[in-house]
Amino acid sequence: MTATPLPAAPAPQKDRSQERQKAMLAEHFARLAAAPETGAKVVYTFVPGNLTELLLSFDILPVLPEINALQSGMRQRSREFIREAEKRGHSEDVCTYVKCDLGMKLKGNVGPTGDRLPNPDLLLLSYTGCFTFMKWFELLREEYRAPTCMLHVPYQADGKVTPSARDYVVRQLREEVIPALERITGRAYDEDRLREHLRRSAEAEEDLVRVLRSARRRPSPIDGYFGAVYYVGPIFSSFRGTADAAAYYRELREEVDERVRLGLGPVTPDGPMGPERFRLVVEGPPNWTSFREFWRMFHAEGAVCVASTYTKVGGTYDEGFRHDPDRPLETLAEYCLGCYTNRSLPTRVDVLCRYMDEYEADGLLVNSVKSCNSFSAGQLLMLREVERRTGKPGGFIESDLVDPRYFSAANVKNRIDAYLQMIEQRRRGAGA
Amino acid sequence: MITAGIDVGSSAVKVALVEHRADGSRRIAVTDRERLRKRDVASVVDEVWARALATAGVTHADVAYVATTGEGELIPFRTGHFYGMTTHARGAIELCPEARAAVDLGALHGRAMVMDGRAKVLGYRMTSQCASGSGQFLENIGRYLGVALEEVGPLSLEAKTPERCSSICAVLAETDVINMVSRGIAVQDILKGIHLSMAGRIVRLLTGAQAKGVVLVTGGLAADVGLLEAIREEAAAAGATLELRAHPLSVHAGALGAACWGAFRLEKLRRRGVALGAAGAPAGAGAGGVG
Amino acid sequence: MVAPLNADQPAAAGAAPLQALVERARALSEDVQLEAVRAWKAAHPGRIAVGSLPVWAPRELIHAAGGLPVGVRGGGDGVEVVRGDAYFQSYICQLPRSTLELALDGSYDCLDGVIFPSTCDVIRNLSGMWQLLLPGKYVRYLDVPQSLREDLGGRFLEHELRTLRDELGQLAGAPISDDALRASIAAYDAHRRAIEDVYALRAATPWLAPSWELYLVLRAGDVLPVEEHTAMLREYRELAAASGRPMEDQARVVLTGAFCERPPLGLIQTVERSGCAIVDDDLALGLRFIRGDVAPPPDEDPLAALARAFLARGRRCPTMFLPDDAGQAKGEALVEDARRAGAEGVIFAAASFCDPALLDQPMTAKAVEAAGLPSTSFKYAENTGQFQPIREQTGAFADAIKIWSDA
Amino acid sequence: MRCFVGIDLGSTTTKAVVLDEEGAVLGRGITNSRSDYDVACAVAQREALDDARLTLARRALPALGRGAPDEVLTPAAQEALLRRLEQRFRLAQHLVQLDLLGAEVTAELPAVERLFPGARLGPAIAQLLEGLRAEAPAQFLGGELPRTFFRDLAASQWARGAQAAAVPGERPYEALLGAFDKAILKVEGRLFDLGLAAVVGQAVGDLVEAGEIPGGRAGHVERALAGAVAAPLEVAASVGTGYGRARLPFPKERIRSEILCHGLGAHIMFPRTATVLDIGGQDTKAIQVDPDGIVTGFQMNDRCAAGCGRYLGYIADEMNLGVHELGPLALSARKQVRISSTCTVFAGAELRERLALGQRREDILAGLHRAIILRAMSLLARSGGVKAELTFTGGVANNPAAVAALRQLVREGYGEVPMNISPDSIYTGALGGAHFARRDVLAGAAA
Ligand SMILES: Nc1ncnc2c1ncn2[C@@H]1O[C@H](COP(=O)(O)OP(=O)(O)O)[C@@H](O)[C@H]1O
Ligand SMILES: Nc1ncnc2c1ncn2[C@@H]1O[C@H](COP(=O)(O)OP(=O)(O)O)[C@@H](O)[C@H]1O
Ligand code: SF4
Ligand code: SF4
Ligand code: SF4
């Protein structure tokens, strides 16, 4: 499902924050490439429910296979990687993130910067919001013969974090995850270091939320979907809890504040967006293989995405959650339990309705991706519910994350155009 | 001794008569093929069957075993039935003894099989429900483009910048093609693009079945040189080490294979002391003629 | 091409009772609208009927609440899906569509609640859809642990089961007692044994208990009280064993992957008619999930026993993670099952778009291959109407096994 | 006079509607969509304009009914005259296209013969063309005008003739068909100009001969008619819509989504429309509109084209029937076979499998139609359900079995909901487009 592109690809904003993020990533991948020499320990793990602060406290380098998949999609390599996985017997039907990552591994495991990624010392299976993650690491385990450590995060079926679920996660952290990390690093768990990272996380989270919320203004200074996938990058991946990330978000926040002061709209890869004509809330992940083309279908029509759920898969900070250095393991457990796709469908509907309201959106657009049952199963009902509750029209398009076979530009554009024209016609009345 | 194979496909009926000599050698006596063109299957079968017998100069009673394959299970005068992949594998070995895999590309389905030198099927893959990229599809596209089936291959070989179809669905792909024409894309490039998409699927079948070495293309599309080339390219791109071949009799592989298995079966039964009546005696119990 | 599908009739003398039993099972297995459940409720006023989706749900708890556990497994090829389709994109499996169709057309009104066991994202999200579409109905998403350690997963499962037990007690109007739970566990232990006995008969002599028939008998268990179903299974075993049906020369295969969405009966018949005898399968995985008896010693808490049995003897099927220290590699369990049943090959049959089954398959297939067993795979949907491609495939598979069996 | 044009470039057919100043429909035109979109549009528009001229002729005729008793043209004669005019016109067009076909086939011959060594097709082709030509007058001047496009009409005649003429080796069937397939594309790409005026004289002459028009009036009638059909039509504005709209030679503001056009078109035809179901060649749309014809919500089928019009096309091909014959055949079913897969491409395979199982063709067809409508029902449910009134549009609304299945399923799911179907339902999108064109101009004039 998850995570964020390298800003090396189409850059939405040639700002200082952008440059900083680029440098952070380059440095991270350089460290990964050097891991075989430096002996740094490498853990593969997932974005939703990632335990970055804990890993950092052990000086472990995280690799996020989801981001590999995403980057492969953006670099137009996914077709070949998916083909490689299907060649090994994988079905056309299943999640293409898995196949794309697997295919990349089979083709030499060369990451987005052109360096070979190091093999994992541990597969840390934090299994949040999606069952496919389990299969994914079972498959990687066969490839790498690396030990796997499971962190089972129960589902928020009733829309709230139950004490039993939290205790279960905390105990697993204490009795399974931490011992596994101690084993591979040969170091002892250092709770003070963890607290320090968590404190920085909370700082960055505060700034991120402010940036995301800026879209409540008219015109919105940011695109809360296409643009925001870049903004959530550091916090969703290997940087949450680092000083770099804190600095990045401080800078980003200042930049966005400046745009607000100047009354500017979002910047797109094709330059500043024209006048804001439509404000949309978007549910579902974007398509990476035709990301720019996809974005253009919106901004060319003056449609800005003011809020999105995809940017909450790695944490629902705008709902008030912050990492709490005073309750280190509990806060990590609550973080995992609270990720967007781990929430019950009724809760997801509530979130969307709230967005529609708070961001004064004209409508809800669902991009339903074939890969991801976790997101997609039930979206049509969610759409109906949001339409019913808000009285605003819903739109529905289908694509995929990284499988170019499932992105038909003509088809998607046809639907988006019809949807926007409908909003326009409704707004103007019969004369349109 | 003569055995016969009748392969009832979705677009054509194929008949092969094979003569087995006492020394164990074999000779392909006759192969014949008639396109169904929406005619009643039974009457087409009767027509080709009679024609094949006449060509060989034999009568029905001279045929020791009539083996059906494909959708031929209901042919009343069959002795036994073998499934398509069983017969195509056998036919491929008959036509090309070095082949260790075959890919049968017919009007609706594509299927890949891997076998050993005795035609024992070791693994196979078939196209799934979604039918984009079948021979039928190619025919439809050809009609849109005003290109005869026989021209499709040579034209595709001339392509310079192939244009891939985006759609996974054959229906939507047809529209894609119209779109391409309207954008002024050359017929050659369109055909090659379609061939490449088809080839991608076919290579996935082959690699999925773990084919290696010599692969014989059987079925009607074996005559499409453009598709063969596209498969070679896609296989190379996918890093698969396949040596693709076609045989002039490729389209008859199923019928040939059936005729050969018929003889094999007959031998097995004889050894067991079971005598078959004249050809035309009702087939034994069970759907498969083997066992 | 093939004879009409319902042409199969038990052959030999003494066929009448067998035929009657099979016809009864057929009627029950086609009862997707739950007429039998309605009848049961009418005959047992005040008692509850609670449905559960595949794979594993603790039916023992429902039973102990005096309730009727009901298998909710979609509409098969028996319902026309309209509203169900309205809520699902084309790339999602069929089961939730027909299930929702039945829920929305009132067929499930006779259910007092539905349990959604942790299986996959589709069923997980379906539990939320249920909450939105059928407000006021009891819905329980049952998370099962992916940690096999008793102090971790065990404690969590026990807590989940305890919540369920309390809620079911409330639904039924009286708390569930330990004694009742013990009795229910005993009833299900008997049921598990009866199923294993039938499976054993089929594995030994598949021609006596053809799979299409066994399949009907198993499916009847979705709506029958467990005691009745146990009796039916036992009776079926006896009648089938004595049926005197002639031996058939078929390839012996294990069918796997079809643990959730039910394949249509015609598919099972197609596989058999193309020359394969199914000697083991996971068609009733939920009922066979825990191997062996659960019955706790008198001094043990029955709920804890249930949780422990799940951890220790639950199947590591595709919906469960296989931990590093499980003592078995991926697919080894399947190979063992195949060996035990004397299978000559494995057929992977997964529902289209079923992530758990399909993502598992390459790994298990590799293990199967390493064990020297041939395998083949296809996808189906519960309402698949075209069997021709499947027949070609399983037919070729059977051909290969049979042609070369004595070579 | 000023008129407004809407063009709906569909995946299967291209439709055009011409409106007059008041918004009344003057004419409609339809052709099969082809790779040259410009030609498709031009043909559809030209047909619609020709049809508009027929309407103008119809409007002019009553004047001929006035005057001295022995001079008047009775209403029956007026009708007959109009009909004849149309028949003559269609025949003339057909003959022009046959000429084009003949020329193209002949030009393609060497290329085709090269593909089939030993084949000599010339004489057979000449004979085939002759046959087509000979059949033409009866086809057009008899009763009902053929409802198929030139391509389809000629193709089926050609196939029949080729089957009869084929001799393996010498004149292979495939070669004869191949020559046609190549030529027809060229013919379709050619625009030809043939005004109605050219056939006025013939039509009048026919009626004089038949004794419907007094010989002495012929000149007068001819002049009046020629004047009417020659009236200048000025296209004030056009709006394009449909699947291929992005490629229409129109500026962006003259392009509207199909959804809006179908919504408005349905509203104009049936003002109480609340829900629109449109089943076209490769998509199905369920649209909700408010009492002003403004779209409030819609759903379209996803990327799979299962269950759309093309599906029926494949089935018809498989059965060797025309699409318009499927519905009536399905209606004669005694029972319905349940069909689950509506995958277009496998439709043929499923059909064969069912036939082989001994099921009747009619019963299978009935099941297929129900299956298509079932999918549409899901889409309707997705879009918010069926509300009164329901208007069924798109080409498949021409199919009586689809209509019957829809009626039944709507009744089952939603009770008695009034349902509108117009014989012109295939033009709904173009009609909506034409109204947008008119509104744009009127709004511009007001501003
Ligand atoms: N000369 C040819 N060139 C290219 N394709 C051909 C040629 N002849 C036949 N075909 C293709 O082969 C297909 C038929 O193959 P066949 O194996 O007979 O199919 P089936 O067994 O399904 O009837 C046709 O759909 C056609 O596309
Ligand atoms: N006269 C007719 N009788 C029955 N069906 C028809 C008729 N005309 C068209 N159709 C059906 O309508 C479909 C085309 O519909 P149309 O609305 O023109 O589609 P599009 O807008 O995509 O081109 C055809 O595929 C066919 O199934
Ligand atoms: S199913 Fe969705 S959440 Fe799960 S791995 Fe795939 S894309 Fe990610
Ligand atoms: S068939 Fe597979 S994907 Fe569908 S509900 Fe069952 S387990 Fe989930
Ligand atoms: S996408 Fe096309 S080929 Fe695939 S199932 Fe749908 S209609 Fe059939």
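To find a chain, count down the sequence lines: A is the first, B the second, and so on, and within it residues start at 1. Side chains included, hydrogens not; waters and symmetry mates left out as well; all remaining heavy atoms used.
Using a 4.5 Å cut-off between non-hydrogen atoms, the part of residues 175-187 of chain D that approaches chain B consists of D:Asp181, D:Lys182, D:Leu185.
Of the possible donor and acceptor atoms, one in the side chain of D:Asn301 sits under 3.5 Å from a partner among the backbone N and O of D:Thr284.
In this structure, chain B has a heavy atom under 4.5 Å from the side chain of D:Gln163, while its backbone stays farther away. For a residue to count as touching a neighbouring chain, one of its non-hydrogen atoms must lie under 4.5 Å from one of that chain's; by this rule B:Leu149 does not touch chain D.
A salt bridge does not link D:Glu170 to D:Arg120: none of the charged side-chain nitrogens sits closer than 4.0 Å to a carboxylate oxygen.
Taken from OH in B:Tyr83 to OG1 in B:Thr69, the straight-line distance is 9.5 Å, to the nearest 0.5 Å. From D:Arg114, atom CZ reaches atom CG of D:Leu109 across 11.0 Å, with rounding to the nearest 0.5 Å.
Residues that satisfy the salt bridge (charged side-chain N to carboxylate O under 4.0 Å, His left out) test with B:Asp104, not counting sequence neighbours, are B:Arg111. Residues passing the ring pair (Phe, Tyr, Trp, His ring centres under 6.0 Å) test with B:Tyr144: none are found, sequence neighbours excluded. Every salt bridge (charged side-chain N to carboxylate O under 4.0 Å, His left out) that B:Glu34 has, sequence neighbours left out, goes to B:Arg39, B:Arg51.
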